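It should be emphasised that the depicted structure is a prediction, and the values quoted were computed from it without experimental measurement. We name chains A, B, ... by the order of the sequence lines, and we start the count at 1 in each one.
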There are 2 protein chains.
Amino acid sequence: MSDTPQQAGIELGLHASIVSVHRNEPHVVCVTAPDDPKGRDSLPFGIFTPLAHRTLEIGLRNWVEEQTGLSLGYVEQLYTFGDRGRHAREGDRGPHMVSIGYLALTLQTDIAKKHVRQRRWYDFFPWEDWRHGRPQIIETLIEPLLLEWCEQTLDSTAREHPLGRTERIRFLFGLNGSIWDEEKVLDRYELLYEAGLLEEAAIDGRTAAKAWDVLPELGRPMNHDHRRILATAMSRMRGKLKYRPLVFELLPPIFTLYELQKVVEAISGSPLHKQNFRRLVEGGGFVEATGEMKKSTGGRPAKLFTFRRAALVERPSPNRHVSAPKST
Amino acid sequence: MSDTPQQAGIELGLHASIVSVHRNEPHVVCVTAPDDPKGRDSLPFGIFTPLAHRTLEIGLRNWVEEQTGLSLGYVEQLYTFGDRGRHAREGDRGPHMVSIGYLALTLQTDIAKKHVRQRRWYDFFPWEDWRHGRPQIIETLIEPLLLEWCEQTLDSTAREHPLGRTERIRFLFGLNGSIWDEEKVLDRYELLYEAGLLEEAAIDGRTAAKAWDVLPELGRPMNHDHRRILATAMSRMRGKLKYRPLVFELLPPIFTLYELQKVVEAISGSPLHKQNFRRLVEGGGFVEATGEMKKSTGGRPAKLFTFRRAALVERPSPNRHVSAPKST
DNA sequence: TACGGTAATGCTCAATGTGAGCATAAATAA
DNA sequence: TTATTTATGCTCACATTGAGCATTACCGTA
């Protein structure tokens, strides 16, 4: 591949957010470059080579298998990122990189590879875990920092977004009685990035001269724009969870309803009402009792269940109307 | 760009599905190559050039403006398609093409350019318009052809999909009491493509020797995989419509509720209950009465409304819980 | 064996949302 | 004036959802 500026070609990077849940914590598979002194995390990733890979997804699977030894099951494309300036590599000459992000779901597996490990979601996004109430960090750090940023740069380049900055902050972080929308993981990440509060932003040169030190409390950084891709994956999962039985990809074939609930809570980042959750799941026909019981629950034994594959067919998106309404 | 096989680079195509609604019909902007004898439709489209375009979206906007004269408002990325074999160009040497599809919404505009025109959605997808009941074509053509296909190729490469073929057909086309899911535009298109019933499939060589003639009743074909991109756009719009106020991008600033309803129906392809629709829209705080009336309705005059931009902030995704449930 | 701890499970209730249709109001055209 | 056409108001049944009470069944320990 030539480096001459006039022939700046394109490289398509394939990035995987491989998600699994163990001990009630959602994880993502990370790799670290052997020669990286800081050992910063990356998502498994490789360049799409049309000669070697018949489709993008096959390319992704191959790369992931090569780098992590994992053979992926459920895979879904997320988004294609092409901004220059973000995740610019050192020289910034050479081919331009466009990244396609993917979401992959897998059961927990022990990964027996060096430089490959699973990391907890909420290490990267501490403000996203509301399972035990609103995270402290929002009030103590995020809110004041964001509001400060608001005043500093008053509408210099403000008019990019339809909402005013303060409004946007309130809205996204559930301030002043605004409600928390768990799906907006990406939007919140982008807001923090824009505000220059994340290490990635500093690296990309967004933080300009205005160098407040980047705080380690604002989550573990990743290489390039990988944390953004993970945020996209989380947003997608939290959204899709509500109308598609995604979770079953993350569970062993047999499980109790409580285990199921804990996985859903882990992903969505918010606590659920136990009785109502069972009602929903059982009533929706997603699961089928095996007849067996699990004894080691700590209390009364729990029925064991299996996922009903048939539910995939029966579940349409909500709000269906079969016959046309008659009224004029 | 070299043609030598070992250096098969990648070209990123940017494709726009530009949607507008006039006279209760959803349209998409199409271009025809001046030298194409058949005058087949394409979506406005161009190659991403990192040197010229700072972001993918900017690239898209530039290309669209150049080709159609339109300056786009709302734009949203859809999906990135990379299959080889589909939309293979003549020689099939040369750089591999990966297509990024975009959805753009615009008010109706008269386009004063040669080789650019707006075409009706349902000319491309006749089976998707259920506004006046189930389209004939499903029973008379699609169902029998698909079932025939089912028997012909009984599980040769069948196990790609989790559902059996017959099940899949029933499910997607609402056969035998299955309900019609309006959002599955892409899935239905893909099924017809797989079955070799579409002209695009014949061109890509999917129809093998099994040459039943491709039927013009199965919708107007487009170049390459453009009809697939349009199907993706339709799916996305129909889905998003339900939880985001997309329609307002397609309406003039002032409108009656009935006009609004007709646009929603045009997009979703299904009839709505008038009174309930108003209840939803008014109750949801999406609109605001201007105080003016429209007289030329054909009956009683109708109140005129405006879109309330504030609704963007107030509307979270449904199913929100603010406080953690107390029950153990 | 009785007892307290811990979950699992069953059930009720109120509030809200949704599909469907009746009835009335206010224009226009015959 | 009357028929026609649309806009708009309102009701009702039913499904869905959030929340909490009550009961059951296992454990370990006194």
Side-chain angles (χ1 to χ4, degrees), chain A residues 24 130 179-180 182 241-243 254-262 264-265 268 270-287 289-305 314-328, chain B residues 24 130 179-180 182 241-243 254-262 264-265 268 270-305 315-328:
Chain A
N24 295 344
W130 286 54
I179 48 185
W180 175 260
E182 65 197 22
L241 211 53
K242 290 182 191 126
Y243 61 97
I254 310 271
F255 48 83
T256 70
L257 292 187
Y258 192 60
E259 289 163 355
L260 175 59
Q261 180 183 343
K262 283 303 163 190
V264 172
E265 289 178 340
S268 74
S270 52
L272 295 171
H273 184 283
K274 188 145 105 184
Q275 296 92 316
N276 292 346
F277 180 78
R278 332 177 93 249
R279 180 176 60 188
L280 184 75
V281 171
E282 287 191 279
F286 293 110
V287 297
T290 64
E292 313 282 290
M293 300 292 267
K294 171 163 182 171
K295 315 279 283 190
S296 53
T297 59
R300 174 174 171 176
K303 283 195 203 145
L304 286 167
F305 289 85
E314 296 161 6
R315 220 91 305 257
S317 335
N319 293 37
R320 219 93 318 289
H321 18 219
V322 188
S323 60
K326 289 293 173 301
S327 176
T328 47
Chain B
N24 296 343
W130 286 53
I179 48 184
W180 174 261
E182 65 197 22
L241 211 52
K242 291 182 190 124
Y243 60 96
I254 310 271
F255 47 84
T256 70
L257 293 187
Y258 193 60
E259 288 163 355
L260 174 59
Q261 180 182 345
K262 283 305 163 190
V264 172
E265 289 179 339
S268 73
S270 53
L272 296 171
H273 185 283
K274 188 145 105 184
Q275 296 93 317
N276 291 346
F277 180 77
R278 330 177 97 248
R279 179 176 60 188
L280 186 76
V281 171
E282 287 191 281
F286 294 109
V287 297
E288 192 166 29
T290 63
E292 314 282 292
M293 301 292 268
K294 172 165 182 170
K295 316 278 283 190
S296 54
T297 60
R300 172 175 170 176
K303 283 194 201 142
L304 285 168
F305 288 85
R315 225 66 335 239
S317 334
N319 293 37
R320 220 92 317 291
H321 18 221
V322 188
S323 60
K326 288 293 173 302
S327 177
T328 46

Quick check on C:dA8: is either OP1 or OP2 less than 4.0 Å from any side-chain nitrogen or oxygen of A:Lys274? yes
For A:Leu272 and A:Glu265 the tightest heavy-atom approach is N-OE2, 2.7 Å
What is the minimum heavy-atom distance between A:Leu257 and A:Phe305, and which atoms define it? CG-CE1, 3.4 Å
Starting at the 5' end of DNA chain D and moving along, which residue's nearest nucleotide shows up first, A:Gly298 or B:Glu259? B:Glu259
Of the candidate nucleotides C:dA20, D:dC26, C:dT18, which contains the atom at the shortest distance from the side chain of A:Pro301? D:dC26
Which of the following nucleotides, D:dA7, D:dG20, D:dT17, is nearest to the side chain of B:Tyr258? D:dA7
Of the candidates C:dA20, C:dC22, D:dA7, the side chain of B:Gln275 sits closest to C:dC22
Given A:Val281, which partner from the list A:Val264, A:Val287, A:Asn276 fulfils the side chain to side chain contact (heavy atoms under 4.5 Å, CB included) test? A:Val287
For atom CG of B:Asn276 and atom C1' of C:dT16, their distance in whole Å: 15 Å
Mind calculating the distance between NZ (A:Lys242) and P (D:dG18) to the nearest angstrom? 11 Å
Tell whether B:Arg279 reaches the base of C:dG19 with its side chain through a donor-acceptor pair below 3.5 angstrom. yes
Distance in angstrom units between B:Leu280 CG and D:dC10 P, rounded: 18 Å
Whole Å only: how far is the CG atom of A:Leu272 from the P atom of D:dT16? 19 Å
Can you figure out which of D:dT8, D:dA7, D:dT24 approaches the side chain of B:Thr297 most closely? D:dA7
Rounded to the nearest angstrom, tell me the gap between atom CG in A:Leu257 and atom C1' in C:dG10. 13 Å
D:dT24 base to A:Arg300 side chain: any donor-acceptor pair below 3.5 Å? yes
Rounded to whole angstrom units, what separation is found between the CZ atom of B:Phe277 and the P atom of C:dA20? 16 Å
N/O donor-acceptor pair under 3.5 Å between A:Glu292 side chain and A:Lys303 backbone: no
In whole angstrom, give the distance that lies between atom CZ of B:Arg278 and atom P of C:dT24. 18 Å
Kindly compute the distance separating CD (B:Gln261) from CD (B:Glu259), expressed to the nearest 0.5 Å. 11.5 Å
Take the protein atom CD of B:Glu282 and the nucleotide atom P of D:dA7, then report the distance between them rounded to whole Å. 13 Å
